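Okay, structure first, notes after.
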Amino acid sequence: MIPAVNSALTGLQAFSTKMNSNANNIANASSEGYKKSRVTLANQAPQGVKATVETIDSPGTMVLAETNNGSEFVELSNVDLGQELPESQLNTRFYQANLKTLTAVDEMTNSLLNIKA
């Protein structure tokens with residue numbers, strides 16, 4: 001049961017990182033020049049998940065805007081809300097699935113202790 005706990009805990013940490021990244025991207029979607037971050041997941045030995053955060057340097061949309069220097073092209077954020085919002089919902093569900101794993105392990109351990117007692 002310990003491997004299940006380790007796997008679920010690293011999953012919670014990884015999906016927490018992904019949810020934080022999504023929230024930050026969504027909050028800065030209208031910030032000029034903001035570059036979105038992406039979290040990639042990888043296997044971690046002996047069992048578990050490792051989250052790695054990287055910044056995506058693709059250019060944002062260029063728009064003509066009024067600045068202190070007159071009309072200039074300004075780069076907007078490269079965040080796509082059509083991608084971020086569904087991904088944040090998925091990450092929430094994956095987080096809940098890892099919590100459910102911990103709950104199941106806790107219930108199994110409780111049952112085992114009751115049988116042994």
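Please read these numbers as outputs of a predicted model, since none were measured by experiment. In what follows, every heavy atom counts, from backbone to side chain, and hydrogens, waters and symmetry copies are set aside.
L76 and I56 are assigned to two separate hydrophobic clusters, defined by single-linkage of ILVMFWY side chains at heavy-atom distances under 4.5 Å.
Residue V74 belongs to no hydrophobic cluster, having no ILVMFWY side-chain heavy atom closer than 4.5 Å to its own. Through chains of ILVMFWY side-chain contacts below 4.5 Å, L64 is grouped with M62, F73. As a member of the Ile/Leu/Val/Met/Phe/Trp/Tyr network built from side-chain separations under 4.5 Å, Y34 groups with I26, V79, L81, L85.
Partners of T67 under the side-chain hydrogen bond (donor to acceptor under 3.5 Å, both in side chains) rule, at least two apart in sequence or in another chain, are E72. In terms of the side chain to side chain contact (heavy atoms under 4.5 Å, CB included) criterion, residue partners of L9 (sequence neighbours excluded) are, by chain and number, V5, L12, L102. With sequence neighbours excluded, no residue forms a side-chain hydrogen bond (donor to acceptor under 3.5 Å, both in side chains) with S77. A search for side-chain hydrogen bond (donor to acceptor under 3.5 Å, both in side chains) contacts involving S58 returns N78, not counting sequence neighbours. Legend: residues meeting salt bridge (Lys or Arg N to Asp or Glu O under 4.0 Å) with E32, ordered by chain and number and at least two apart, are absent. The side-chain hydrogen bond (donor to acceptor under 3.5 Å, both in side chains) search around E107 returns none, not counting sequence neighbours.
Judged by distance alone, with hydrogens and angles left aside, the side-chain atoms of S7 form no donor-acceptor pair with the main-chain N or O of P3 at under 3.5 Å. Using a distance-only test at 3.5 Å, with no hydrogens or angles considered, no donor-acceptor pair links the side chain of N110 to the main chain of D106. S21 contributes no side-chain N or O that, together with a main-chain N or O of T17, makes up a donor-acceptor pair within less than 3.5 Å.
Put simply, CD on E75 and NZ on K35 are 3.5 Å apart, with the number rounded to the nearest 0.5 Å. Here the straight-line distance linking atom CG of N24 with atom OG of S31 works out to 9.0 Å at 0.5 Å rounding.
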Which side-chain N or O atoms in residues 38-55 pair as donor and acceptor under 3.5 Å with protein atoms at least two apart or in another chain?
residue: R38; atom: NH1; partner: E84; partner atom: OE2; Å: 3.0
residue: R38; atom: NH2; partner: Q83; partner atom: OE1; Å: 3.4
residue: R38; atom: NH2; partner: E84; partner atom: OE2; Å: 2.7

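Listed by first then second residue, pairs satisfying side chain to side chain donor-acceptor pair (under 3.5 Å) with a partner in residues 89-102 read N22-N91, R93-Q96, not counting sequence neighbours. Listed by first and then second residue, the ring pair (Phe, Tyr, Trp, His ring centres under 6.0 Å) pairs that reach into residues 98-117 come to none, sequence neighbours excluded.
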